[in-house]
Amino acid sequence: MRELEKAETTHVDLELSGVRKSFGHTVAVENLSLKVMKGEFLFLLGPSGCGKTTTLRMIAGFTQPDKGKIFIRGKEVSRIPAHKRGLGMVFQDYALFPHMTVFDNLAFGLRMGKVKKIEWKDKVARALELVQLEKMEHRYPKQLSGGQQQRVALARALVIEPTVLLLDEPLSNLDLKLRQLMRVELRQLQERLGITTIFVTHDQEESLSMGDRIAVMEAGHINQLGGPKDIYECPQSRFIADFIGESNFFRGRVAELTGSGKAVVNIDEGFKLTGNTHGGTELGQKVSVAVRPEKILLLEHSAPENPNCLPGSVLTAVFIGSYTRFQVSLPGDVLCVVQQQNTRGARSFQRHDQVHVAWAVEDNLIIPDE
C-alpha cells in the first residue's frame, strides 16, 4: 500500500491542499484541494469572480494563500517566491517588454534563472522553433501580429523549461479564427512536450476542445471535476448544466422510480418526462429535468413510442450557418430551444408551424433542485 501511494505521489506535479484566500470580507477561494498529474492539461473554468484567477496566482506565487498548502512535485512552495518555483506563465496581455527584441524578451527569463549566457542563444532558438517563429529574434513586439506576440509569450514561458506551465486566458485577445488555430497548435505543443499545464478561462469551448480534465469553479469552490465529455454529458448540478453549453430546464417532482437509474417526473406545467438520475433521487423530490438543444428532434408528427414527445408551436427560427436555432412553445407556455443541423434533406420549419419535439430518455438528465 505504501509503495502504491509513493508511486501516485511521484506522478503528481502540482497539489493544492485546503487552500483559502480572502480579500477583506470577500472569500475568493475556500478550502480548495486539487491534484494535477504529470503531463496533464487541466482547465480552471468558471464565470467572473469564481476564484479561478486567484487560484492560478496562488500557484504562481504572486498571491499568498491565507490557509492551506501548495506542493510542486511533492515539495511545499506555499511561501517560496514566484521566481523560485520553476513555473512558466503566460498572461492575458502577454506582458512582453516593448523596448526589448524577441530574443531579449526570451533571454530575460534565462537571466532571472541564472542560466549561463553562453547557453542563451541555443535555448532561445529552440524555444522559437517550438512556436514556429524562427528568424524573428531581432524584431520588437510592435512589429509582430497578435498571434505572433502570443507565441513569443508562450516561448518565453517555455524557454526556462518549467515544471508546470500556467496560462491565464492567453487566447482571449485574438480574433475567432486565430483563436481556434492557436487552440490546436497549443494543444499539439503541450502533448509533444508532455508539460503539465494549467489553463484559466471562462470560454467553455476552449476547455472542452483542449482539456484532459476541467475543474469548473463556482464561488471559490470546485463544483465539478472531470473529463470534457463527463462534464458536458453528466453535469452534477444545475449550475454546471446551465454554465457548460446550453440546456433546457423543466421543473417538477419525481412521480415514479422505474429502476435502472431512471425516473418519471411530473412537470409543473402539466406534462411528464422520463430521464436518467444520478442516484439518490426520491419520490416527491423537487428536481429539474435538463436536455441539450442539439439532442432534441423537431418532428412533423407525434412519436407515441417516445415518452418524451410533446406538441408545440415554432415561435422563432434563426439560421446560424451550420444549424438553425428554434424556439418552440410547449404546453403551459414553456419555451424550448432546439438546434437542428442544416443537413441536405432536413425538414425546414418556419414560424407558427405546429410541430412535435422529441428526445431519447438517455438524453434527459434529472438534477435535484438546489
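The first residue of the sequence shown is numbered 1, and numbering continues consecutively from there.
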Compute whether any side-chain donor of one residue and acceptor of the other, for [X] and [Y], lie under 3.5 angstrom apart.
X      : Y      : value
Gln92  : Ser172 : yes
His221 : Glu30  : no
Ser348 : Gln350 : yes

Heavy-atom check, side chain of [X] versus side chain of [Y], under 4.5 Å:
X      : Y      : value
Val164 : Ile195 : no
Val152 : Leu106 : yes
Asn105 : Thr101 : no
Leu225 : Arg213 : yes
Leu158 : Arg126 : no
Arg139 : Leu144 : yes
Arg183 : Ser209 : yes
Pro293 : Val338 : no

Quiz item: Applying the side chain to side chain donor-acceptor pair (under 3.5 Å) test to Ser247, which of Arg292, Lys295, Arg238 qualifies?
Solution: Arg292
Of all heavy-atom pairs between [X] and [Y], which one has the smallest distance, and what is that distance?
X      : Y      : answer
Gln224 : Ile231 : CG-CD1, 3.6 Å
Ser288 : Asp369 : OG-OD1, 2.6 Å
Met217 : Leu32  : CE-CD1, 3.5 Å
Tyr232 : Gly245 : CE1-CA, 4.1 Å

Does the Lys NZ or Arg CZ of [X] fall within the cation-pi geometry relative to [Y] - under 6.0 Å from the ring centre and within 45° of the axis?
X      : Y      : answer
Lys21  : Phe23  : yes
Arg187 : Phe199 : no
Arg156 : Phe97  : yes

Please check: side-chain N/O of [X] versus main-chain N/O of [Y], any donor-acceptor pairing under 3.5 Å?
X      : Y      : value
Gln143 : Tyr140 : yes
Asp66  : Ser22  : yes
Asp353 : Val314 : no

Quiz item: Is there a path of hydrophobic side-chain contacts, each under 4.5 Å between heavy atoms of I, L, V, M, F, W or Y residues, that connects Val287 with Leu273?
Solution: yes
Practice problem: Please answer: with hydrophobic residues joined when any side-chain heavy atoms are less than 4.5 Å apart, are Ile214 and Leu167 in the same cluster? | Solution: yes
Quiz item: Does a salt bridge link Arg325 with Glu246, judged by any charged N lying under 4.0 Å from a carboxylate O?
Solution: yes
Practice problem: Could you check Ile70, Leu34, Thr196 and say which one makes a side-chain contact (heavy atoms from CB on, under 4.5 Å) with Leu14? | Solution: Ile70
Exercise. Let me see the working for Thr201 and Glu206 under side chain to side chain donor-acceptor pair (under 3.5 Å), right down to the final yes or no.
Key: CA-CA 8 Å; Thr201 186; Glu206 215 160 59; 2.7 Å; yes
Would you mind writing out the side-chain donor-acceptor pairs for residues 357-364 within the sub-3.5 Å range, not counting sequence neighbours?
unit_1, atom_1, unit_2, atom_2, d
Trp359, NE1, Asn364, OD1, 2.6
Asn364, ND2, Thr274, O, 2.9

